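Proteins get letters first, then strands, A, B, ... in listed order; numbering begins at 1 in each. The structure displayed is predicted, hence computed values, not measured ones.
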Amino acid sequence: MAEKITARSQDYNQWYIDVVRDAKLADYSDVRGCMIIRPNGYSIWEKMQQALDMMFKDTGHVNAYFPLFIPESYMKKEADHIEGFAPECAVVTHGGGEELAEKLYVRPTSETIIWSTYAKWIQSYRDLPILINQWANVVRWELRTRLFLRTTEFLWQEGHTAHATEADAIEEVMKMINVYRKFAEEYMALPVIVGRKTESEKFAGALETYCIEAMMQDGKALQSGTSHHLGQNFAKAFECRYQTKEGKLEYVWATSWGVSTRLIGALIMAHSDDKGLVLPPKLAARQVVIVPILKGDKTLVLEKANRLAAMLRAKGVSVFIDDSEQNTPGWKFAEYELQGIPVRVELGPKDIQAGQCIIARRDTSEKMTIALDDQTDEQIHDLLSTIQQNLFDRAKAYRDAKMKPVSTYDELKAQVEEGFAIAHWDGTAETEAKIKEETKATIRCIPTDAAFIEQYRLHDEGKCVYSGKPSRQKVIFAKAY
RNA sequence: CGGGGUGUAGCGCAGCUGGUAGCGCGCUUCGUUCGGGACGAAGAGGCCGUGAGUUCGAAUCUCGCCACCCCGACCA
């Protein structure tokens, strides 16, 4: 039997590691901070890629690929950018046995190489906008790593767009953060708060950073996607100008936006339980497992199992049958629960005799008996939708219960130990830094979603929870990954 | 970079009052099983992280080194 997973209540961090390893999502590599994404983990990423890529294409974007290596001189062109990233960059000094004339940075992100290219591509307003995305790996030499959440090398997508006007750029930034929100909610079943980062939390080189913030089961926040308004910073650094209709030369406006394999970590920490991984059906490569009980008339059982599988496939459900005789049904039940497969069908001689099958839901652990007839596939298909919705509802109810408005500093201190605190902030970096120093909690975002603002009355006047100075806005404080 | 922990069979661990290695799971073969991690029998598998030292003798004691993990400071 596999090593028992540590209970969440006992040690949340160990539980997370246990789930990642026992569900065979990832393994440690021999290089510090790097991870091997195993098939079970990579299939989640592939599902995410498929959905996101479709959403990017639907919003007019195209894919391309830029090099892994970036000349040091490019990196140094934008002051804030290099200052933010230099400490965590891997740098190549040798190639082909020779010391390089110019060092090459392994991309921590691609703004510089992309803008050096855009500068060549863009001459006129007719060349704009450029709406490019790339799927790539990046390297950031982190001091402290965690499987999926923060690894030295990780996979992501980075969109880089160029626009004629600031309004166009801002529209793009908002459009993409909403794509991320939609993806998180509809595919990951993950409720997120859309907001803007404070000065100290924003991307190195950006004017504004927008983000989606999610709550994990331990009440901590996880930044799950970002969309940056880069202004003309990179255009100026790389002399990227275009000629307007009127014949004037103007700097191009830029955005960039990305999500990474960190989302897999978010998925795990939002939905999974002490039995292992719980996957939302839309991101499960295998949505249904049929476990035939192979005793008595095996042929008949397998025939029925195959027929049901075929019906489900015809409905677009991803299903597989584990008919191996190496393991007992009980072993299979436990194993596929550990791997997070949303629905299990148990089918044995007794069921066939009674014209039924047993259905087990991964999200609620509920077992039910349903008739085995020409409606079964439809029922299972519907059940997958129910599970998808239930995971979202459950995560949202959990988050909402752990997110509370606070009006005093003591309340804030207590609340950030539990979850998200919504509090008035005077808008100064000093206050933000003090609170971080004293509580370890940071301002996760300044929410921008109208419905959210309305619901929590974020724009009511008040006094800063720390300084007591007048405040015009409430923001989200939380400890974060 | 600080604090802690761990390196012994594929995995998890025991052995640490020195005498050349064992348990559970997994693996192989055969048989019986199969409705919540089955059972029996027979097997395969280890320069005990690494370097030095102490000793007749080191997985065990001493010192160094290395690696990884966990916890904190920087970060998607």
Side-chain angles (χ1 to χ4, degrees), chain A residues 1-6 11-14 16-18 21-22 24 27-35 83-89 108-109 137-158 180 197 200-204 206 209 211-214 221-228 256-266 275-276 291-296 298 301 322-338 344-354 356-358 360 365 367 369 436-437 440 442 479-481:
Chain A
M1 187 182 125
E3 189 74 357
K4 191 104 176 109
I5 294 173
T6 305
D11 183 343
Y12 191 80
N13 290 317
Q14 190 57 46
Y16 175 77
I17 293 160
D18 288 353
R21 297 199 70 171
D22 291 351
K24 301 184 179 71
D27 216 337
Y28 294 105
S29 87
D30 290 334
V31 179
R32 177 196 184 80
C34 290
M35 70 188 288
E83 194 187 321
F85 282 104
E88 50 182 285
C89 282
T109 177
N137 59 338
V138 286
V139 167
R140 296 182 188 177
W141 218 261
E142 301 290 349
L143 299 174
R144 169 117 157 72
T145 58
R146 287 169 194 265
L147 294 167
F148 288 115
L149 299 177
R150 176 164 294 107
T151 46
T152 300
E153 179 190 11
F154 57 95
L155 306 182
W156 77 347
Q157 64 57 221
E158 45 181 328
Y180 289 153
K197 285 291 185 189
S200 62
E201 295 279 332
K202 74 183 192 190
F203 177 77
T209 289
C211 62
I212 51 172
E213 291 285 330
L222 185 72
Q223 178 175 306
S224 304
T226 48
S227 182
H228 313 291
S256 69
W257 30 272
V259 296
S260 71
T261 37
R262 163 180 268 194
L263 290 180
I264 297 172
K275 289 200 287 187
V291 178
I293 311 301
L294 297 172
K295 69 176 174 191
K298 294 181 188 177
V301 173
D322 185 349
D323 60 356
S324 84
E325 300 197 43
Q326 305 306 315
N327 298 304
T328 61
W331 186 91
K332 293 174 186 173
F333 297 169
E335 181 64 18
Y336 296 121
E337 279 165 3
L338 182 55
R344 178 179 72 244
V345 178
E346 301 170 22
L347 190 59
K350 282 187 237 165
D351 299 308
I352 287 166
Q353 205 158 35
Q356 63 181 36
C357 62
I358 313 281
S365 292
K367 266 198 190 193
T369 305
K436 181 178 177 182
E437 194 183 316
K440 308 287 182 208
T442 51
K479 291 189 175 183
Y481 277 99

In whole angstrom, give me the gap between the C1' atoms of B:G24 and B:A14.
10 Å

B:G7 and B:G43, which share atom name P, separated by this distance in whole Å
31 Å

Once you apply the 3.5 Å cut-off to both distances, tell me the Watson-Crick or G-U wobble partner of B:C1, or none.
B:G72

Any salt bridge linking A:Lys24 with A:Glu335? Criterion: basic side-chain nitrogen under 4.0 Å from a carboxylate oxygen.
yes

Starting at CZ of A:Arg21 and ending at P of B:G26, how long is that distance when rounded to a whole Å?
18 Å

Tell me the interatomic distance from A:His228, atom NE2, to B:A76, atom P, rounded to whole angstroms.
8 Å

Could you check whether A:Thr151 gets within reach of a base, just the sugar-phosphate, or nothing at all, counting any heavy atom under 4.0 Å?
base

Counting only Watson-Crick or G-U wobble pairs whose two distances fall under 3.5 Å, which nucleotide matches B:G31?
B:C39

With a cut-off of less than 4.0 Å, is there a side-chain N or O of A:Thr328 near OP1 or OP2 of B:A38?
yes

Whole-Å distance, A:Glu337 CD to B:G36 P, equals 12 Å

Comparing A:Ser365 with A:Lys440, nearest RNA chain B nucleotide closer to 5' gives the residue A:Ser365

For B:C23, the nucleotide meeting Watson-Crick or G-U wobble distances (both under 3.5 Å) is B:G12

Once you apply a heavy-atom cut-off of 4.0 Å, does A:Pro87 come out as touching a base, just sugar-phosphate, or nothing?
nothing

C1' atom, B:C47 versus B:G12: distance in rounded Å?
23 Å

If I take atom OG1 from residue A:Thr151 and atom CZ from residue A:Arg140, how far apart are they, to the nearest 0.5 angstrom?
10.5 Å

For B:C48 and B:U29, measure between their P atoms and round to the nearest Å.
29 Å

Complementary nucleotide of B:G18, counting Watson-Crick and G-U pairs under 3.5 Å:
none

Mind checking who B:G7 pairs with, Watson-Crick or G-U wobble, both distances under 3.5 Å?
B:C66

Check: A:Asp351 side chain, B:G35 base, donor-acceptor under 3.5 Å:
yes

Nearest whole angstrom, please: distance from the P of B:C34 to the CG of A:Leu294.
11 Å

So, under a plain 3.5 Å distance rule, would you say the side chain of A:Lys367 forms a donor-acceptor pair with the base of B:G36?
yes

Could you give the distance separating B:C25 and B:G40 at their P atoms, to the nearest angstrom?
9 Å

Verify the stacking flag for A:Trp156 against B:A76: centroid separation must be under 5.5 angstrom and the ring planes must differ by under 30 degrees.
no

Both A:Lys298 and A:Ser224 contact RNA chain B. Which one's nearest nucleotide lies toward the 5' end?
A:Lys298

Nucleotide of B:G37, B:A76, B:C34 approaching A:Glu335 most closely (side-chain heavy atoms):
B:G37

Select one nucleotide: of B:G35, B:G72, B:G37, the one nearest the side-chain heavy atoms of A:Pro329.
B:G35

Identify whether the distance between the nearest side-chain nitrogen and carboxylate oxygen of A:Arg144 and A:Glu142 falls below 4.0 Å.
no

Per the atom types in the model, does the base of B:G36 pair as donor or acceptor with the side chain of A:Arg344 at under 3.5 Å?
yes

Please give the distance between the C1' atoms of B:G18 and B:C27 as a whole number of Å.
34 Å

Distance between the C1' atoms of B:A44 and B:G3, in whole angstroms?
43 Å

Could you identify the nucleotide paired to B:G45, looking across every strand shown and requiring Watson-Crick or G-U wobble geometry with both distances under 3.5 Å?
none

Hey, what's the ring geometry for A:His228 with A:Phe203, parallel, tilted or perpendicular (30° and 60° as the breaks)?
parallel

From the list B:U33, B:G36, B:A76, which nucleotide is the closest neighbour of the side chain of A:Arg262?
B:A76

A:Ser260, nearest nucleotide to its side chain (from B:C71, B:C70, B:A76)
B:A76

